[in-house]
Amino acid sequence: MINSKVTDCQIIDIRRYSDTRGYLSVVENGLDIPFEIKRIYYLYMVPEVARGAHAHKALQQLLIATSGSVDVIMDDGTRKMTFHLDKPWKGLYVPAGLWRDLENFSGGAVLMCLASEKYDAVDYIRDYEEFLKYKGIK
Ligand code: T46
């Protein structure tokens with residue numbers, strides 16, 4: 001998705017069910033998000049450092065702060081948008097082809113990622129100049 005823009009990112013309300021026992025949220029293939037889930041991973045016990053700093057050529061993701069909070073800064077090479085994730089029923093849909101930085105993890109934060117593809121190191125662009133070339137900006 002070379003032409004993707006930060007405005008293609010969107011916050012998705014994750015279905016939730018509550019009763020006297022608390023809340024349950026669910027994401028189901030084919031119903032709740034615009035891709036098939038092939039992998040799940042999560043970041044936790046993150047100290048005061050930034051993570052991310054890369055783009056994906058093909059991977060689509062739904063990022064959910066299942067605990068605590070984190071700032072996700074999305075960048076399409078011409079514009080940046082910051083998404084503050086702090087609720088387990090809010091997911092950030094991230095299309096392919098966008099640079100992301102992950103900052104300000106709160107204590108105890110857990111960032112879960114539902115991913116459209118299996119792990120492939122070749123899908124990553126980790127150099128910002130290369131990213132700008134990929135987007136046709138430089
Ligand atoms: C992303 C953000 C939100 C694997 O071996 N398999 C995997 O599925 C993943 C995701 C990572 N790894 C290995 C590769 C590295 O040696 O785990 C190590 C740390 O990965 P990375 O430096 O890419 O971590 P982040 O936090 O910068 O990025 C990760 C995801 O890689 C990325 O897709 O969007 O979380």
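Residues: numbered from 1 along the sequence shown. Read the numbers this way: they start at 1 and go in the same order the structure lists the ligands and their atoms.
Nearest protein neighbour of atom 27 (O) of ligand 1, counting heavy atoms only, is G52 N, 3.0 Å.
Within the 4.0 Å heavy-atom shell around ligand 1 one does not find C113.
Of the options R100, R126, H54, Q61, the smallest heavy-atom separation from atom 22 (O) of ligand 1 is shown by R126.
For atom 9 (C) of ligand 1, a protein heavy-atom neighbour is found at a distance under 4.0 Å. Within the 4.0 angstrom cut-off, atom 18 (C) of ligand 1 has no protein heavy-atom neighbours.
Of all atoms in ligand 1, numbered sequentially from 1 with element shown, those under 4.0 Å from a heavy atom of R51 are 19 (C), 24 (O), 25 (P), 26 (O). Listed by number with element, the atoms of ligand 1 under 4.0 angstrom from any heavy atom of L43 are 26 (O), 35 (O). Residue contact check: L102 has heavy atoms under 4.0 Å from atoms 2 (C), 3 (C) of ligand 1. Close approach of ligand 1 to H56 (heavy-atom distance below 4.0 Å) involves ligand atoms 32 (C), 33 (O), 34 (O).
Residue contacts with ligand 1, taken as heavy atom pairs separated by less than 4.0 Å, do not involve E117 at all. Of all the heavy atoms of V94, none lies under 4.0 Å from any atom of ligand 1, so neither backbone nor side chain is involved.
With values rounded to the nearest 0.5 angstrom, L62 atom CG is found 9.5 Å from Y93 atom OH.
The heavy-atom pair separating E103 from V70 by the smallest distance is O-CG2, 3.5 Å.
No N or O atom of Y119 sits closer than 3.5 Å to an N or O atom of ligand 1.
Residues R39 and Y41 have side chains that never bring a donor and an acceptor to within less than 3.5 angstrom of each other.
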Residue pair K135, S4: steps toward the side chain to side chain donor-acceptor pair (under 3.5 Å) verdict: CA-CA 9 Å; K135 297 295 274 185; S4 54; 3.2 Å; yes

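Salt-bridge check for R100 with D75: failed, with every basic side-chain N at 4.0 Å or more from each acidic carboxylate O.
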